[in-house]
Amino acid sequence: MVPLALTLLLALSLSAPRPAWAAGGDDAGITALAERVGASVVRLSMREGGVEQGNGTGFVVREDGVLVTNHHVVDNTEGALVAVFRDGHESPVLGTLAMDPEHDLAVVRLDERGLIPLRLGASDEIEVGQRVMLIGSSLGFDQSVGIGIVSQRRASD
C-alpha cells in the first residue's frame, strides 16, 4: 500500500501554484481535479480466463500508450494484463519497458495513441504538511479519490 500511495503522491503532486483545494475546504476543487486527471488514471486488471484475479493502478505518462505503475503490479503476473480506462474502454498491456523493483516502479506500453498524459509536478517541491490527492483503483473501486497530508519526506537516493 505504501508504494502505491508514494507513486501516486509523486504523480499527482501537480506543479505550483498549488490548486485551491490544497489549502483545505474546497470540495469543488477536489471534484474538478479528479475529473481533470481521471482520464489519465487506469485500473490494471490481471485476468486469467477472462476473470479478474487482481488489479492495480497506473497512469499515463505519454500520449503514445506509455504508463507508469508499481513493480509489484506487473511482476510475475500470469495471464493477461489489461488497462481499463475511466470511460470503460480497455487496452491490453503489450509489455514492460522498464522495471525498478527497489523503488517499486514499472513502465509499461499499451497499443494506444492519443492518450492524455498526467502532468507531473516536481517531487522536490512537496512540503511536509501539504495536502495531497490520491486517485486510483483501491480495492478495485475505479477512480476512487482520497485526500491526505504529507507527513514526512524521504531523502532522495
Side-chain angles (χ1 to χ4, degrees), residues 1-45 55-74 81-100 102-138 140-157:
M1 177 103 167
V2 172
L4 176 60
L6 177 59
T7 299
L8 292 177
L9 168 66
L10 295 176
L12 297 179
S13 174
L14 301 175
S15 56
R18 287 193 199 132
W21 66 267
D26 183 5
D27 290 344
I30 294 167
T31 302
L33 183 58
E35 177 63 27
R36 186 177 58 142
V37 302
S40 303
V41 178
V42 301
R43 174 172 41 96
L44 291 170
S45 175
N55 64 69
T57 301
F59 58 92
V60 178
V61 292
R62 288 192 351 206
E63 69 85 33
D64 63 348
V66 177
L67 307 178
V68 172
T69 187
N70 291 110
H71 177 266
H72 71 265
V73 170
V74 297
L81 190 59
V82 177
V84 181
F85 289 81
R86 174 176 65 189
D87 65 5
H89 92 272
E90 299 182 355
S91 181
V93 173
L94 300 177
T96 58
L97 299 174
M99 300 275 269
D100 183 353
E102 183 179 345
H103 296 99
D104 194 27
L105 292 171
V107 180
V108 301
R109 172 165 303 281
L110 307 177
D111 187 16
E112 290 270 339
R113 300 291 179 269
L115 298 177
I116 302 168
L118 190 65
R119 187 178 63 155
L120 303 179
S123 61
D124 61 347
E125 293 177 7
I126 295 172
E127 299 174 5
V128 172
Q130 178 180 340
R131 288 177 50 138
V132 292
M133 185 179 102
L134 305 161
I135 184 169
S137 299
S138 297
F141 295 109
D142 289 355
Q143 303 285 316
S144 61
V145 174
I147 301 297
I149 296 175
V150 176
S151 59
Q152 184 178 17
R153 286 187 49 166
R154 292 184 184 173
S156 57
D157 297 348

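- Counting heavy atoms from C-beta on, the side chains of Val42 and Val84 never come closer than 4.5 Å.
- Residues meeting the side-chain contact (heavy atoms from CB on, under 4.5 Å) test with Val61, sequence neighbours left out: Phe59, Val66, Val68.
- Residues satisfying the salt bridge (Lys or Arg N to Asp or Glu O under 4.0 Å) criterion with Arg62, sequence neighbours excluded, are Asp64.
- Not counting sequence neighbours, the partners of Asp87 by the side-chain contact (heavy atoms from CB on, under 4.5 Å) test are Phe85, His89.
- Between the CZ atom of Arg153 and the CD atom of Glu127 there is a distance of 8.5 Å, given to the nearest 0.5 Å.
- Side-chain contact between Met99 and Val74 is present, with at least one heavy-atom pair separated by less than 4.5 Å.
- Remark: Gln143 pairs with Val41, Arg86, Ile135 by the side-chain contact (heavy atoms from CB on, under 4.5 Å) rule, at least two apart or across chains.
- In this view, Ser40 satisfies the side chain to side chain donor-acceptor pair (under 3.5 Å) rule with no residue, not counting sequence neighbours.
- The line from CG of Asn55 to OG1 of Thr57 is 7.0 Å long, rounded to the nearest 0.5 Å.
- Within the 4.5 Å cutoff, no side-chain heavy atoms of Val108 are placed close to those of Leu97.
- Inter-residue side-chain proximity for Ile30 and Val145 is flagged as met; some heavy-atom pair is nearer than 4.5 Å.
- Between atom CG of residue Asn70 and atom CG of residue Asp104 there is a gap of 4.5 Å, rounded to the nearest 0.5 Å.
- For the atom pair CG (Leu134) and OG (Ser144), the distance works out to 9.0 Å, reported to the nearest 0.5 Å.
- For Glu63, the side chain to side chain donor-acceptor pair (under 3.5 Å) test picks out no residue, with sequence neighbours left out.
- Of the inter-residue distances, the one linking Leu115 atom CG with Ser91 atom OG reads 7.5 Å to the nearest 0.5 angstrom.
- Inter-residue side-chain proximity for Leu33 and Met133 is flagged as met; some heavy-atom pair is nearer than 4.5 Å.
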